[in-house]
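The structure under discussion appears below in the form of structure tokens.
Indexing begins at 1, ligand by ligand and atom by atom, following the structure's order. Atom set for the values below is all heavy atoms of this structure, side chains included, hydrogens, waters and symmetry mates excluded.
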Amino acid sequence: MLNQLRDIVEHVSRVEDIHQALEVFVERTCDAINSECCTIYLSNHQKQRLELMATKGLTFSGERLHIGFQEGLVGLVHRTAEPLNVAKASLHPDFKFFPQLGEDVYQAFLATPIVHRKRMLGVVVIQQKTPRLFSDTEESFLVTLAAQLAVLIASEQQQGNWLLQERKSSTVTGLSACNGIAIGPIWRGNDEPLLKDVSPASAIDIEKDKEWLLVAIESALTEFRRLRKQLDSDLNKDALAIFDLFTHLLNDPKLRGDLIKQIDKGDAADWALRQVIERYSNHFARMNDIYLQERSQDVRELGQRLLYFLYHSQAKEIKLEKPVIFVVNELTTTLLASVPRDKLLGVISLQGGVNSHAAILSRALGIPSVIGSNLKGIEADDRHIILDGYSGEVLLNPTAKEMSDYQKLLAEEQEVRSMVESEVREPALTSDKVPITILLNAGLGGDASYSFFDVVDGVGLYRTEISFIVKQAFPSEDEQVETYRKVLAYSQGKPVVMRTLDIGGDKSLPYFPMEEENPFLGWRGIRFTLDHPDIFLIQVRAMMRASVGQKSELKILLPMISGVPELDSALSLIAQAYHEVALTHPRVKKPKVGIMLEVPSMIYLLPVIAKRIDFVSVGTNDLTQYLLAVDRNNSQVSELYEVVHPSVLMALKQIHDACRYSKIPVSICGELAGDPIGVLLLLGLGFKQLSMNSANVANIKYVIRQSNLDDLEALANQAITKAYASDVHKLAFDYLEKRDLAGFVRPGKH
Ligand code: PEP
Ligand code: MG
């Protein structure tokens with residue numbers, strides 16, 4: 001049977017058209033089970049009925065055939081969501097005779113629901129003339145097939161192909177890369193020469209081709225400087241790091257050297273460029289870590305820009321007469337930056353990831369964006385479409401009602417945004433005048449040449465991984481000193497918390513591959529660095545050396561601590577590093593040391609470690625993952641990754657109370673601290689220091705100013721009595737709604 005199963009799945013998935021695929025399915029399933037009839041019905045929830053989509057064995061006249069959710073055996077299977085196996089269908093109390101189906105000839109009936117992630121998609125039925133019960137094996141065969149079919153149908157529906165006539169692909173769903181709503185006409189970008197179209201060619205004059213390439217590099221560097229300057233006036237400077245990353249790569253002697261070497265082999269400059277860029281890009285794409293895989297796109301974008309400058313002497317400004325929703329094959333930072341902001345309503349990118357630098361930039365600039373290959377049916381014309389960056393939906397043929405609903409939402413959203421941004425410099429004081437410390441999560445930009453420090457109180461989490469990841473080997477102590485010095489120098493005298501290397505899990509170093517069954521439970525964070533004290537010592541020495549003579553105070557943060565022996569070992573290595581640095585830098589100050597509280601075991605050990613550490617930073621991203629046993633990167637279980645799960649709240653309360661009792665300063669640096677719902681609950685639980693991405697700062701400061709701490713304490717007390725995360729969410733959402741702040745979470749369309 002297994003072979004037959006595989007055979008059906010293979011044949012079905014080979015067919016491009018879904019309707020044909022369903023035909024193949026019914027045909028082959030009949031053969032495999034040796035039955036006379038197989039039928040697929042799909043659920044039409046709008047009309048509360050099941051529609052016949054494909055059949056072998058039923059003959060019917062007329063257009064389309066449907067069965068109400070309350071009707072007959074098929075309706076029963078849909079309602080109960082359970083398989084049904086009856087020897088003589090006509091004797092079953094729910095049997096209904098459909099004359100147009102000529103079904104009276106079939107007696108044996110086996111049906112199973114088609115379910116995808118708890119959603120009923122339809123019913124598949126097997127029938128036979130002679131009365132008989134289908135065997136257990138046949139039943140489980142059909143259940144298995146229906147599960148496979150569910151995946152296929154769900155993916156089609158996600159692409160806007162509902163298969164049912166009424167829905168006719170007017171809504172296409174991708175992934176939200178930046179919240180917000182855009183309404184307007186489509187404009188298609190990307191008419192640049194494509195790197196992938198460059199064909200093999202030899203250099204006629206090797207020296208000339210080298211010069212040609214170097215001129216292109218210089219032009220690209222000039223353009224990046226110009227674009228950087230242009231963006232400099234925007235509020236959020238985090239995104240500028242992208243152009244610094246490009247500049248850094250272009251100045252990297254290794255990349256330049258490889259390009260020159262390729263031309264020296266006799267290849268023309270453009271062909272050499274394509275080969276080297278693809279090599280670099282493939283190298284990133286093969287990495288396990290999603291962040292790094294997405295850097296592969298950045299490298300390709302850089303290559304694409306260089307190609308442009310090889311072919312043109314000057315960068316092209318995109319001229320647009322009216323504001324548009326930009327549709328591109330792949331969103332690139334340069335493309336995004338070359339369209340004037342006032343002409344850009346939103347962005348739809350057919351390819352790419354929500355964590356690519358381009359997506360980061362769209363978020364930083366606040367441009368509603370949706371990303372995903374499911375959007376490929378979108379064509380440019382004059383009609384107005386709706387882009388819903390909250391849900392990731394694109395409405396291609398909106399109805400008049402949808403249009404007016406969204407226009408209303410858009411107006412509300414614009415009002416909120418301008419109010420919030422005008423107040424970003426205001427202090428983060430609650431309405432009852434309690435000051436909240438707002439810190440920045442930094443480090444994802446490759447280096448730290450951005451500044452956002454005038455509106456925050458310091459850096460609450462500097463992730464050092466990326467400066468290791470972008471290298472070919474572990475960075476030397478001197479290289480690290482330089483990186484950390486820049487971070488401290490940019491921080492305008494405000495404290496900076498630097499986290500020691502947190503690799504493992506989903507982040508591995510290209511030059512230090514790790515293969516583990518359960519990487520998140522494996523050799524990660526402090527476990528790795530304690531096994532390599534040399535690497536740890538170099539890093540903490542570099543941090544301390546970088547701090548000498550700086551106004552900003554350095555604090556060191558240890559990731560993934562799960563027990564006291566690890567902490568003691570790390571502390572003694574830090575003490576050793578301090579003494580070593582003090583020999584050559586007598587002015588060095590002993591940094592404060594804290595732990596990331598992200599492994600639940602440490603909650604119970606806070607009183608024990610209180611005297612050993614200077615502060616705690618709660619990593620809610622991992623704490624949630626480990627407390628709920630839900631992989632934070634697995635989309636299959638993402639619904640279970642509930643950031644306001646009652647247990648997470650209880651854990652946070654316990655952490656807060658234990659830290660207060662033991663007088664340990666505590667802050668939150670997980671994503672929860674940048675989420676308005678999370679912030680209400682965190683403040684209510686008593687936390688007063690929040691560290692977040694720069695994009696969240698204005699919103700969160702605003703929410704804080706509209707909130708009253710007494711109210712939030714009452715809210716949190718109520719929240720921790722709830723059994724469902726959805727109830728906790730609702731409590732906090734209602735609080736926001738009463739204060740007209742619900743727009744920060746999601747405009748109330750639904
Ligand atoms: C966390 O786990 O909450 C955290 C801030 O660290 P990271 O997301 O880098 O694991
Ligand atoms: Mg973490």
Side-chain angles (χ1 to χ4, degrees), residues 238 288-292 294 354-355 360 438-446 448 458-469 487 496-509 514 518-529 539 555-562 566-567 570 594-603 615-634 638 641-645 647-649 651-652 655-656 666-675 678-679 681-682 687 689-697 700:
D238 196 2
N288 290 335
D289 174 50
I290 293 180
Y291 179 84
L292 285 179
E294 286 172 352
V354 291
N355 285 312
I360 295 172
I438 302 291
L439 302 162
L440 204 60
N441 285 353
L444 287 180
V459 175
L461 169 67
Y462 176 74
R463 291 176 165 104
T464 55
E465 296 76 73
I466 301 305
S467 53
F468 279 70
I469 282 167
V487 182
V496 174
V497 175
M498 285 192 188
R499 185 171 74 182
T500 62
L501 192 59
D502 182 20
I503 52 154
D506 62 343
K507 286 177 270 180
S508 68
L509 300 173
M514 296 176 181
N518 286 308
F520 274 115
L521 301 180
W523 208 32
R524 188 186 166 191
I526 201 74
R527 301 172 184 182
F528 170 84
T529 44
Q539 185 176 35
K555 300 182 190 182
I556 294 179
L557 181 62
L558 304 170
M560 278 294 289
I561 295 280
S562 63
E566 278 169 348
L567 174 60
I595 65 156
M596 289 283 290
L597 207 156
E598 50 188 350
V599 181
S601 57
M602 294 316 287
I603 301 175
F615 65 96
V616 156
S617 184
V618 187
T620 51
N621 307 342
D622 278 313
L623 185 65
T624 307
Q625 140 165 285
Y626 293 129
L627 204 57
L628 306 183
V630 180
D631 183 340
R632 63 192 257 191
N633 286 355
N634 182 345
S638 58
Y641 187 91
E642 295 179 314
V643 295
V644 293
H645 188 288
S647 304
V648 173
L649 289 194
L652 288 168
I655 292 167
H656 173 266
V666 58
S667 62
I668 308 277
C669 66
E671 291 294 297
L672 198 64
D675 167 359
V679 165
L681 295 161
L682 290 170
F687 292 97
Q689 293 192 47
L690 307 173
S691 191
M692 65 201 72
N693 298 328
S694 54
N696 301 123
V697 171
I700 296 302

Side-chain contact, heavy-atom cut-off 4.5 Å: R499 with L461?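 A side-chain contact exists here, since the closest heavy-atom pair is under 4.5 Å.
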Between R524 and I503, is there a side-chain heavy-atom distance shorter than 4.5 Å? no
Can a donor-acceptor pair be found, under 3.5 Å and without considering hydrogens, that links the side chain of [X] to the backbone of [Y]?
X    : Y    : result
N441 : C669 : yes
Y462 : L440 : no
E465 : D502 : yes

Any side-chain donor-acceptor pair under 3.5 Å between E671 and T620? no
Name each N or O atom in ligand 1 that is under 3.5 Å from a protein N or O, and give the partner atom and the distance.
unit_1	atom_1	unit_2	atom_2	d
ligand 1	2 (O)	E598	OE1	3.1
ligand 1	2 (O)	D622	N	3.1
ligand 1	2 (O)	D622	OD2	3.0
ligand 1	3 (O)	G619	O	3.4
ligand 1	3 (O)	T620	N	3.1
ligand 1	3 (O)	N621	N	2.8
ligand 1	3 (O)	N621	ND2	3.3
ligand 1	6 (O)	R499	NH1	3.0
ligand 1	8 (O)	R463	NH2	3.0
ligand 1	8 (O)	N621	ND2	3.0
ligand 1	8 (O)	R632	NH2	2.8
ligand 1	9 (O)	R463	NE	2.8
ligand 1	9 (O)	R463	NH2	3.3
ligand 1	9 (O)	R499	NH1	3.3
ligand 1	9 (O)	R499	NH2	2.9
ligand 1	10 (O)	R524	NH2	3.4
ligand 1	10 (O)	D622	OD2	2.9
ligand 1	10 (O)	R632	NH1	3.0

Considering residues at least two apart in sequence or located in another chain, which fulfil the side-chain contact (heavy atoms from CB on, under 4.5 Å) criterion with S562? R527, E566, V599, S601
H656: which residues meet the side-chain contact (heavy atoms from CB on, under 4.5 Å) condition with it, sequence neighbours left out? R660, F687
Under-2.8 Å protein N/O/S neighbours of the Mg ion (ligand 2), ordered by chain then residue number: E598 OE1, D622 OD2
Checking T500 against T464 for the side-chain contact (heavy atoms from CB on, under 4.5 Å) test, could you report, in this order, the C-alpha distance in whole Å, the side-chain angles of both residues, the deciding distance, and whether it holds? CA-CA 6 Å; T500 62; T464 55; 5.6 Å; no
